[in-house]
Amino acid sequence: MNTNTMMREQPKERAGAFTTQTIIRKWGNSQGIRLSKEILAQMNLKEDDTVGISIYDGKMTIEKVNRPKYLNLAERLEAFYKRPIDEIYVESTQEVDVGAPVGKEQW
């Protein structure tokens, strides 16, 4: 295949694909890519969401990273009660007797 043929070939579009172009701009000491409202809406992204960037065979893929809202129980309780974990009232720290086994439980 000669160079002229290679330049005329265009990438094949996939059905339902959204294609756009943007410019890499200076952002502090780094470079950044600005994403349009249309891209954010289609990817269900909002400010401060985390994305993963993969590079393979000269192509970059950006995907939304679905991470849990809370990393542990303490964070979840603090968000629910709207106060630090040390200020959450605990009624009792003793074990509760739930009775004798009724099935094939093993203790």
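Scope of the values below: all heavy atoms of this structure, side chains included, with no hydrogens, waters or symmetry mates. We count residues from 1, following the sequence as given.
Taken to the nearest 0.5 Å, the CG atom of L40 stands 9.0 Å off from the CG atom of D49. Note that the CG atom of D48 and the NZ atom of K46 stand 9.0 Å from one another [nearest 0.5 Å].
Y56 and V51 fall into different hydrophobic clusters, where Ile, Leu, Val, Met, Phe, Trp and Tyr are joined by side-chain heavy atoms under 4.5 Å apart, directly or via other members. At a threshold of 4.5 Å between side-chain heavy atoms, the hydrophobic network of Ile, Leu, Val, Met, Phe, Trp and Tyr places I55 and V65 in two separate groups.
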Compile the donor-acceptor pairs under 3.5 Å between side chains in residues 71-86 and protein atoms, sequence neighbours left out, one pair per line.
{"unit_1": "N72", "atom_1": "OD1", "unit_2": "A74", "atom_2": "N", "d": "3.2"}
{"unit_1": "N72", "atom_1": "OD1", "unit_2": "E75", "atom_2": "N", "d": "2.8"}
{"unit_1": "E75", "atom_1": "OE1", "unit_2": "L71", "atom_2": "N", "d": "2.9"}
{"unit_1": "E78", "atom_1": "OE2", "unit_2": "I85", "atom_2": "N", "d": "3.0"}

Tabulate below the donor-acceptor pairs under 3.5 Å that side-chain atoms of residues 20-35 make, not counting sequence neighbours, or state none.
{"unit_1": "T22", "atom_1": "OG1", "unit_2": "R34", "atom_2": "O", "d": "3.3"}
{"unit_1": "K26", "atom_1": "NZ", "unit_2": "G28", "atom_2": "O", "d": "3.0"}

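Across all their heavy atoms, K64 and M43 have their closest contact at CD-O, 4.0 Å.
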